[in-house]
Amino acid sequence: MDFVGNHILSVGQFDRSDVERIFQVADDMRPYAMRNRITRVLEGAIVSNMFFEPSTRTRVSFGSAFNLLGGEVRETTEVKASSLAKGESLYDTARVLSGYSDVIVMRHPEPHSVAEFAQASRVPVINGGDGPNEHPSQALLDLYTMRQEIAEQGRGVDGLSVALIGDLKYGRAVHSLCKLLGLFDDIRLHLISPPGLELPDDIVKAVQANGHEVHAFHELEPGIHGVDILYVTRTQEERFPSQAEADRYRGLFRLNQSIYTQHCEPNTVIMHPLPRDSREQAQELDDDLNTNPNLAIFRQTDNGVLVRMALFALVLDVVGEVDNHAQPVTWYTAKRHLSAKDRGVR
Ligand code: NCD
C-alpha cells in the first residue's frame, strides 16, 4: 500500500510486503527509541491522540513515538471530557480536529467508528482500537515481537505455531493478529477459549482459506502443547452485556509457571497484549512467570514504540529524513530495551 497521507484502519489494508516494510522502518527507529540519539524530523507537527476508551500503553506509546520523532502531542482521554458528550457527531469532531493536527490516533468503543471518523478527517487517521473490531498497531507490534523472539531460535514467522488463549470473541488485538499472521506461510493456530468466547467464524474461515491450520480447544492444557508462542488475553469485560456474564468467564484459564513447565517446550514464548488482569479472581498470567526468561510482555510494550514511530514516519513521509535530523543525546539515559541478553531481568 501507499502509506503516505493514508489512514491505517485495518490490517486488511496490508499485504506481506507492507508488513515487512513497517518492520524494517521500526528496526531503524531503535537508536532513537533507546535514546542513543534523538531526531527532530517531525518538529512542528502535531498528533491528536483521541482516546474515548481506557488506555495506558497504546495512548502513551503513540504519544511517546510522536515525541521521539520531534512532534507535539495533544490528547483527549474521555468521552465526557470532549464534545462527543454534548452530542457532537463523529463527522463534526473529525472536521474540527483535523484542522488542529497533522495526524490523528483514535480509540472508540464502537466497531467501525474510527473508519467513519476517518472519512470526515482531512488528515490521516490511525485506528487505536475500535470496540471489539480491530487493533492494527497492537497486532503489528505483537507480530514484530514474535518475529524478534523466534529469530533468536534461528527461525522466521513462516511455519510459526501460536496458541491464542482467552476471550477470542471480543479481543480486537487477537482479531487483527490472526489476520496478520494469515499473510505468512504455514501458520498453525490453536484457538483456546471457553465455550461462547470463540474467535468469530469469519476470521477462522479467512485464516483457513489461506491454507493455515486451525485447531479449537475449550481447555488450556491440551491446547498449549507443541506451540512456539502462547498469546494470552484478558476477558474483555467492558464488552459484555452484563458484569455477571463477564464474571462467569473470569479466571477460567490461568497460566502459571507450574502449568508452563509441565506442558510447554522450554523456549515457548509467552505474550499478552496487556493489561493482564492481576486481580485474585482473574490472574490469566500469574506473577510467578515474571522471572521466566521467555515472558516477552515487556518486550512487546517496548516494541510498541518502534512500530508506532514507523507508522508515523511512513504516513507522514519522513522515513528517509529521520537520520538527517539526528542529534546527540545530552542527558543521562537509563538502559531501556529488554533484549535477549537481559532476559529474566525484571
Ligand atoms: C488491548 C486492547 O485495548 O484491545 N490493550 C492494549 O491496547 N494493549 C487488550 C486489552 O485491553 O485486553
Side-chain angles (χ1 to χ4, degrees), residues 8-11 26 49-66 75 77-79 105-115 126-146 162-180 191-194 197 199-200 203 229-240 243 246-247 249-255 270-279 281-286 295-309 311:
I8 309 265
L9 301 174
S10 160
V11 295
N49 239 350
M50 298 291 120
F51 278 71
F52 301 120
E53 265 197 334
S55 174
T56 302
R57 275 147 288 274
T58 308
R59 181 173 55 84
V60 178
S61 67
F62 264 119
S64 296
F66 208 75
E75 57 185 24
T77 50
E78 282 181 287
V79 173
V105 182
M106 184 169 181
R107 169 172 286 190
H108 192 281
E110 288 301 317
H112 310 292
S113 52
V114 182
I126 301 179
N127 182 359
D130 60 330
N133 184 40
E134 276 226 36
H135 194 347
S137 65
Q138 180 69 43
L140 285 165
L141 78 88
D142 290 336
L143 186 60
Y144 182 83
T145 306
M146 289 179 185
V162 182
L164 298 148
I165 303 162
D167 180 355
L168 309 185
K169 177 180 180 183
Y170 293 116
R172 57 188 169 200
V174 167
H175 300 168
S176 293
L177 180 58
C178 288
K179 295 179 199 170
L180 264 195
L191 306 176
I192 311 173
S193 64
L197 295 187
L199 190 70
I203 304 179
I229 314 259
L230 305 176
Y231 188 91
V232 185
T233 65
R234 172 184 73 89
T235 305
Q236 308 283 294
E237 58 184 308
E238 64 276 33
R239 313 264 177 242
F240 284 76
Q243 187 62 47
D247 289 345
Y249 293 104
R250 204 187 302 283
L252 286 183
F253 297 148
R254 297 178 177 212
L255 184 70
I270 309 163
M271 296 177 59
H272 192 303
L274 299 184
R276 55 177 155 168
D277 188 342
S278 295
R279 286 171 289 188
Q281 327 85 289
Q283 296 191 340
E284 68 266 358
L285 206 54
D286 200 293
L295 185 76
I297 56 177
F298 302 118
R299 296 192 283 278
Q300 283 171 268
T301 52
D302 281 352
N303 286 337
V305 175
L306 302 176
V307 166
R308 289 169 175 137
M309 288 176 82
L311 291 178

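Remember, it's 1-based here, ligands and their atoms both numbered in the order they're listed.
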Original post:
For E238, is at least one N or O under 3.5 Å away from an N or O on ligand 1?
Top reply: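 No.
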**OP:** Give the atoms of ligand 1, by number and element, whose distance to some non-hydrogen atom of T58 is under 4.0 Å.
**Re:**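 Those of ligand 1 that fall under 4.0 Å from T58 are 6 (C), 7 (O).
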**OP:** Below 4.0 angstrom from a heavy atom of Q236, which ligand 1 atoms are there? Numbered from 1 as shown, please.
**Re:**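 Answer, ordered by atom number: 10 (C), 12 (O).
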Within less than 4.0 angstrom of ligand 1, does [X] place any heavy atom?
X    : answer
L274 : yes
G304 : no
P273 : yes
R107 : yes

Check this for me: does any side-chain nitrogen of one of [X] and [Y] sit under 4.0 Å from a carboxylate oxygen of the other?
X    : Y    : value
R107 : E134 : no
E237 : R250 : yes
E110 : R172 : no
R59  : E75  : yes

**OP:** Measure Q138 to ligand 1 on non-hydrogen atoms and call it side chain, backbone, both or neither using the 4.0 Å cut-off.
**Re:**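 Looking at Q138 and ligand 1, just side chain atoms fall under 4.0 Å.
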**OP:** Sort out for me which residue in L255, I165, L285 forms a side chain to side chain contact (heavy atoms under 4.5 Å, CB included) with H272.
**Re:**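 The option that passes is L285.
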**OP:** May I ask which of E53, H135, E284, R234 has a heavy atom nearer to atom 11 (O) of ligand 1 than the others do?
**Re:**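 Answer by nearest heavy atom: R234.
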Original post:
Which residues satisfy the side-chain hydrogen bond (donor to acceptor under 3.5 Å, both in side chains) test with E238, sequence neighbours excluded?
Top reply: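 Expected list: R234.
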Subject >> For atom 4 (O) of ligand 1, the protein heavy atom that lies nearest, with its residue and separation >> reply: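 The closest one turns out to be R172 NE, 2.7 Å.
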Original post:
Taking the six-membered ring of Y170, is the NZ or CZ of R239 close enough (under 6.0 Å from the centre) and on axis enough (within 45°)?
Top reply: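 Checked: cation-pi criterion not met.
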